[in-house]
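A short write-up of the structure that comes next.
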There are 2 protein chains.
Amino acid sequence: MQNSLKNIFPNFSNELIETIEKNGTLQDFEAGTILMRTGQYIKNTALITKGKIKIYREGEDGGEFLLYYLQPGQACAISMICTVKSEKSQIMAKVVEDVSVMMIPLQSMDKWMMEHRSWYEFVIETYRSRFEEVLEVVDNIAFRSMDERLEFYLKRHSDACGCSEVNLSHQEIATELNTSREVVSRLLKKMEQRGLVKLNRNQIELLK
Amino acid sequence: MQNSLKNIFPNFSNELIETIEKNGTLQDFEAGTILMRTGQYIKNTALITKGKIKIYREGEDGGEFLLYYLQPGQACAISMICTVKSEKSQIMAKVVEDVSVMMIPLQSMDKWMMEHRSWYEFVIETYRSRFEEVLEVVDNIAFRSMDERLEFYLKRHSDACGCSEVNLSHQEIATELNTSREVVSRLLKKMEQRGLVKLNRNQIELLK
DNA sequence: ATTCTACAGTAACATTTATCACAGAAGATT
DNA sequence: AATCTTCTGTGATAAATGTTACTGTAGAAT
């Protein structure tokens, strides 16, 4: 099978793969689905096997500040952390490209840490990489101005989708950077004048 | 002994305490010491048994953006994460009140996860709480304006020291919020007019 | 007491970002 | 084709923040 767990999570031991297949439940969700809302209790950890998810921090006023993407072979660090303590979610997860996720129940997540070295390493690596990503987000909003943040945002998007077109409206981008549509339009126009992007309706082509 | 590890880390099992005492090294550092710089390789995890440490994210231009405080009974999540993978530090740690720390070598940190349930729980809880704190930092810089961030900063400081006086110059505060001294002075003056603080030289008294 | 230095206050101005207002273009709907 | 809706561009203006410049003051050093 092409999309076997072993291909997507190559570092998992064979025994771990078997255990996951026995205890996990594979679920599909369509683009647009909200997988998790701030304040909800978390009962599962999700391993992404297909598709793409965006993780947001929600503001009181309805802001949706983008933290990072989750892709096949990854898992949500925050859900892992909260799972163990059965805490409320601190974030919002939205499916942006139809996903398949392997749902791991709380107890297994915990148990496997002791039993499977490769699971332990995966969990630690997940924490590490997500922490780093959030720190990079902090850098951006703490030290950089909106034009740099916008460039970073576009770059991250194209890295995540592996393409050079961003199919989002200015309004959507503005929401995820917690600024206004006009600011995004203006900055994009300047980027176009600098030859960095080409602007179309609902699409931004990255040129460099 | 008053300040025994068991008192400071009440959730650690007795065996774990013994193991720590056997394998760890207790070290003291004076206020002002930089325990760790961005980019340094990490070879130890530090359990704080006395004093106070501030964790910063360093900007390229020399900014020192405050992430959070570490206090007795806590450990640096980032050092733990990096320790396991022997990665470079993503942060800077500065002693703000003479500390004693128990240094745990890389291998032990890793080994104990499998052997000591209470260590495992401590590590997970450390990840969780630090992640949450950093997310709160993101909230502040993403969604709030400088006056709110300043209020939050002062509150956090007084929570950390358990007192209502902040013995810092406006310049120091400005650096940790990545803004300018004048802005801090202005906002503090406004807060004083609103009756929230009383301003003295090198000291801000919180009144509410 | 005098001098020096770090700290604090504040005015004036520049820059960045946010908001308001409106117009035109691209698609979708009828 | 006519109408509607969404998206984009842009000017005008406001508000927040950053910068420059200067002043005064408290405490340390001489």
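Each chain gets a letter, A, B and so on, in the order the sequences are listed, and its residues count up from 1. Only this structure's heavy atoms are used, side chains among them; waters, hydrogens and symmetry mates stay out.
- As judged by a 4.0 angstrom heavy-atom cut-off over every strand, L199(A) is placed among residues touching the sugar-phosphate backbone only.
- Sequence order on DNA chain C of the closest nucleotides to Q171(B) and L187(A) puts Q171(B) first from the 5' end.
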Which atom pairs link the protein and nucleotides 18-25 of chain C when you take only N or O atoms and keep those under 3.5 Å?
{"unit_1": "dA18(C)", "atom_1": "OP2", "unit_2": "T179(A)", "atom_2": "OG1", "d": "2.2"}
{"unit_1": "dT19(C)", "atom_1": "O4", "unit_2": "R186(A)", "atom_2": "NH2", "d": "2.8"}
{"unit_1": "dC20(C)", "atom_1": "N4", "unit_2": "E182(A)", "atom_2": "OE2", "d": "3.2"}

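- By the 6.0 Å and 45° rule, K6(B) does not stack over the aromatic ring of F12(B).
- Rounded to whole Å, atom P of dT8(D) lies 12 Å from atom CD of E192(A).
- Counting to the nearest Å, the P atom of dT8(D) and the NZ atom of K189(A) are 11 Å from each other.
- With sequence neighbours left out, V166(B) forms a side chain to side chain contact (heavy atoms under 4.5 Å, CB included) with L154(B), H157(B), L168(B), I204(B).
- Between Q203(B) atom CD and dG27(D) atom C1' the separation is 15 Å, expressed in whole Å.
- Between N11(A) and E121(A), the side chains place no donor N or O within less than 3.5 Å of an acceptor N or O (distance only, hydrogens not considered).
- Screening residues 21-36 of chain A for side-chain hydrogen bond (donor to acceptor under 3.5 Å, both in side chains), with sequence neighbours left out, gives D28(A)-S100(A).
- Here F29(A) pairs with nothing under the ring pair (Phe, Tyr, Trp, His ring centres under 6.0 Å) rule; sequence neighbours left out.
- One atom, CG of N200(A), and another, C1' of dG27(C), lie 14 Å apart when rounded to the nearest Å.
- Minimum atom distance to the side chain of S145(A) is reached by dT16(C), of the listed dT16(C), dT17(D), dA8(C).
- Atom CZ in F143(B) sits about 17 Å away from atom P in dT17(C), given to the nearest Å.
- Distance, R149(B) CZ to dA16(D) C1': 12 Å, rounded to whole Å.
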Quick one: side chains of residues 183-192 of chain A, donor-acceptor pairs under 3.5 Å with protein atoms, not counting sequence neighbours, listed by atom name and distance.
{"unit_1": "S185(A)", "atom_1": "OG", "unit_2": "H170(A)", "atom_2": "ND1", "d": "2.8"}
{"unit_1": "S185(A)", "atom_1": "OG", "unit_2": "R181(A)", "atom_2": "O", "d": "3.3"}
{"unit_1": "S185(A)", "atom_1": "OG", "unit_2": "R181(A)", "atom_2": "NH1", "d": "3.3"}
{"unit_1": "K189(A)", "atom_1": "NZ", "unit_2": "E192(A)", "atom_2": "OE1", "d": "2.8"}
{"unit_1": "E192(A)", "atom_1": "OE2", "unit_2": "L199(A)", "atom_2": "N", "d": "3.1"}

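- D147(B) comes within 4.0 angstrom of nothing in the nucleic acid, heavy atoms only.
- In this entry the distance linking CD1 of I141(A) with P of dT17(D) reads 15 Å, nearest Å.
- If you take CG of N202(B) and P of dT5(C), they are 17 Å apart, rounded to a whole angstrom.
- Contact annotation: H170(B) does not reach the phosphate of dA6(C) (side-chain N/O to OP1 or OP2, under 4.0 Å).
- Residues satisfying the ring pair (Phe, Tyr, Trp, His ring centres under 6.0 Å) criterion with F65(A), sequence neighbours excluded, are absent altogether.
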